[in-house]
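Here is how names work: the chains are called A, B, and so on, in the same order as the sequence lines, proteins then strands, and each is numbered from 1.
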Number of protein chains: 2
Amino acid sequence: MCKRLYFCIQIEKMKRITINDIAKNLGVTASTVSRALAGNTRVSLRTRELVLAKSKELGYQQNVLASSLRKGTSGTIGMIVPRINRHFFSNVISGVEEILNPTGYTLLITQSGENLAKEQKAVDMLLANHVGGIIISLSVQTQSYEHIQRAIDRGVPLVQFDRINPDIKSSKVINDNFTGAYLATKHLIKSGYKEIGHFTGTLSLNAYGERYRGYAKAMSESGLKINESFVYKDTITREAGYNAIVNALKEENKPDAVFCAGDYAALGVLDGLKEMGIKVPDEFGVVGFANEPFSELIHPTLTTVEQNAFEMGVRVATAMIKNMEGKYDQEIETISTRLIVRDSSWRG
Amino acid sequence: MCKRLYFCIQIEKMKRITINDIAKNLGVTASTVSRALAGNTRVSLRTRELVLAKSKELGYQQNVLASSLRKGTSGTIGMIVPRINRHFFSNVISGVEEILNPTGYTLLITQSGENLAKEQKAVDMLLANHVGGIIISLSVQTQSYEHIQRAIDRGVPLVQFDRINPDIKSSKVINDNFTGAYLATKHLIKSGYKEIGHFTGTLSLNAYGERYRGYAKAMSESGLKINESFVYKDTITREAGYNAIVNALKEENKPDAVFCAGDYAALGVLDGLKEMGIKVPDEFGVVGFANEPFSELIHPTLTTVEQNAFEMGVRVATAMIKNMEGKYDQEIETISTRLIVRDSSWRG
DNA sequence: GTATTTTGTGCAAACGTTTGTATTTTTGTA
DNA sequence: TACAAAAATACAAACGTTTGCACAAAATAC
């Protein structure tokens, strides 16, 4: 086992300081100590000060497990995101932490990896850990919702964000995908493109559905017709974007611009265009969605729609706390989005 | 509170199924159920099957809190990283999850935000939650280590990774920063640059110290002298990289290449060079460290050192499990790094 | 047939809190 | 001084498990 003897150390079971130790030490009972630590005014100021001093002296640290067990609620909130390393999600997480940390709630973060089975497991794990609530953004795969319902049936507050299912009864926070997509498409139109395509994800996911609607609205409003052969679904990765644009430009009727429902797909599109020697934005316009960090670093810089991820996290956490306090409400909150115009689309 | 009355639902305290419910239902005691669920052969096969069936029927889910309280160990592992949205760290996390998930351990992820106070708080939070172990990568700010020692003193297994303090007695997993930096610098030398600078972080952090050593070794080995005025510390952000290069090129003696201890700084350097109209790689060579996703997307593409983050996560988790099983050992594991040559440095 | 082992189960305490109720102490009032 | 009210503290049960020990029944050995 151990490479050398002197590397091995006997880890003795550390005796933790409990409220009983403090109680014995001060000649009071555990209940008094408990109340004193909670700041309960039913114990005299003198005793409270004594307890606080002694607990500091002994290095007392509350056993959250015991506390949660007794109180029946764990002060832990579970969060399930598709991928932790997506700019958008990690910023939502930061927003959630911003609100949760000061309140003493602990955040348990897990990734579904865009995989339904892992998402289901994650929910069960969180339930087993008796989390006080669950925050979730659905994986692209997720088409069955028993696991979500299971959580709700247990009475665990649920907040959905970004990738939501509108039919599930829970608080929801979403981006204004519709307006973002609408503005993006309008911008392409104003920039003089006529044959505007749309590369998107699974339309059954609310976020992508709304983006499609925004795109469609802008088109019809400007009297442009959507050519359905310019609309590619399940096209959200770099590779898929590349394949789609290569494919689209082989056809008789070619688009002269494309609004992608994600920056990665837009990146793939730019790859393809560069390879084919097509000039951006002169000959072809590209707009993405999400404002991934790379979007302003690539050449040409990518016009995209910014989602206010941090703000969304803040709202999500706030909604969760409200829910946990029993003020359950099903309202959908919408976070505004913003078009960021860069080089890939503007030929004003 | 609630906007409309029909949105408000009375969340009744859901009565969870406990082992007692199963016990009563089957006419046995809770202890038998507990043992049966644990697969203890001291209870008859028949009873075990009965219990399993009934628990499935009633939808029993273990109360992890009660179990942890009784057993004195929580099956939860805490992980503290500086920033969750750094490519490197989120990949380490994925690696850790890869190992931990199948074992049933739960991972509690927190960010220190490169901030000592938050890091200390995070440690205390994890201790209060009675985690079975702590995985940590230190923040750049961290110069005092009482909080780390506190955890060790409690007998909580600790694994440090990447940003470690070698003096703390714990398992450690690090990148081969030395070799990575050595190869990067050698490469610049081979590419014909002579006045090679180095932009780095806090040298007291092991990772940066080692990179400096690798840089120095390559230089001296090739008979080149390090010009200390070309070495900039605390230069790991884009902005700092920009400022440093602008500053460095104002001086009489100018570097003609720079090895940055991070890709973000290298990005800032490229910004500065572009602004000053200096051609890369013809007039100036740049190498980064970390292989951030953007490094292959920018123009010119950035030569950098790849760290095997996922592999590191796997090793970290493995070390942690070993530790938790009492096989404590202090060995330092090293994960290999690899130079990726791109356009920013090669004028072979 | 009795003595011993094996096997399966029950009992009860423990983990460290919290909290409703009971009890003691203090304070105020007549 | 006596008595009620208020304040401070103690008591004990509970949260849902796990686990050492006790015990009964069945199986085996002599």
Would the distance check show the side chain of A/Thr318 and the main-chain N or O of A/Val314 forming a donor-acceptor pair, the cut-off being under 3.5 Å?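 Side chain of A/Thr318 to backbone of A/Val314, a donor-acceptor pair under 3.5 Å: yes, one is there.
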Round to a whole Å and report the spacing from [atom1] of [X] to [atom2] of [N].
X        : N      : atom1 : atom2 : value
A/Asn40  : D/dA7  : CG    : P     : 13 Å
A/Gln62  : C/dC15 : CD    : P     : 17 Å
A/Asn63  : C/dA14 : CG    : C1'   : 13 Å
A/Leu26  : D/dT9  : CG    : P     : 11 Å
A/Leu65  : D/dC15 : CG    : C1'   : 12 Å
A/Asn129 : D/dT17 : CG    : P     : 13 Å
A/Leu69  : C/dG16 : CG    : C1'   : 9 Å
B/Ile17  : D/dT17 : CD1   : C1'   : 16 Å

When both hydrogen-bonding distances must be under 3.5 Å and the geometry is Watson-Crick or G-U wobble, what is D/dC30 paired with, if anything?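 Its partner is C/dG1 (Watson-Crick or G-U wobble, both distances under 3.5 Å).
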Of all the choices, C/dG16, D/dT19, D/dG16, which nucleotide is nearest to the side chain of B/Lys71 once you look at every atom?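 It is D/dT19.
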Inspect the contact between B/Arg150 and B/Asp124 and indicate whether a charged nitrogen and a carboxylate oxygen are less than 4.0 angstrom apart.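 Judged by the 4.0 Å cut-off on N to carboxylate O distance, B/Asp124 and B/Arg150 do form a salt bridge.
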Please determine if A/Glu114 and A/Arg86 form a salt bridge, counting it only when a charged side-chain N lies under 4.0 Å from a carboxylate O.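 Answer for the salt bridge query: no.
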Going by the rule side-chain hydrogen bond (donor to acceptor under 3.5 Å, both in side chains), which residues pair with B/Glu333 if we only count those two or more places apart in sequence or in a different chain?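 Partners of B/Glu333 by the side-chain hydrogen bond (donor to acceptor under 3.5 Å, both in side chains) criterion, ordered by chain and then number, come out as B/Arg315.
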Report which part of the nucleic acid A/Ser67 touches: base, sugar-phosphate, or nothing (heavy-atom distance under 4.0 Å, all strands).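 Since only primed, P, OP1 and OP2 atoms lie under 4.0 Å of A/Ser67, the category is sugar-phosphate.
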All N/O contacts under 3.5 Å from nucleotides 6-10 of chain C to the protein, with atom names and distances to one decimal?
residue	atom	partner	partner atom	Å
C/dT9	OP1	B/Thr47	OG1	2.8
C/dT9	OP2	B/Ser44	N	3.0
C/dT9	OP2	B/Ser44	OG	3.2
C/dT9	OP2	B/Thr47	OG1	3.1
C/dT9	O4	B/Arg42	NH2	2.7
C/dG10	OP2	B/Thr29	N	2.9
C/dG10	OP2	B/Thr29	OG1	3.0
C/dG10	OP2	B/Thr32	OG1	2.8
C/dG10	O6	B/Arg35	NH2	2.5

For the pair B/Ser170 and B/Gln160, evaluate side chain to side chain donor-acceptor pair (under 3.5 Å) and give the outcome as yes or no after the intermediate values. CA-CA 7 Å; B/Ser170 81; B/Gln160 298 187 80; 3.2 Å; yes
CD1-CG distance between B/Ile148 and B/Asp153, expressed to the nearest 0.5 angstrom: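 These two atoms lie 11.5 Å from each other.
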What's the spacing between A/Tyr105 OH and A/Ser74 OG if we round to 0.5 Å?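 So the OH of A/Tyr105 and the OG of A/Ser74 are separated by 9.0 Å.
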Parallel, tilted or perpendicular, judged at 30° and 60°: which one describes the rings of A/Phe89 and A/Phe161?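 Judged by the thresholds at 30° and 60°, the geometry between A/Phe89 and A/Phe161 is perpendicular.
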Among residues 53-60 of chain A, which contact DNA chain D at a heavy-atom distance under 4.0 Å?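 Here the set is empty: none.
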Run the numbers on A/Ile164 and A/Leu138 for side-chain contact (heavy atoms from CB on, under 4.5 Å), then give the verdict. CA-CA 6 Å; A/Ile164 67 163; A/Leu138 300 172; 5.6 Å; no
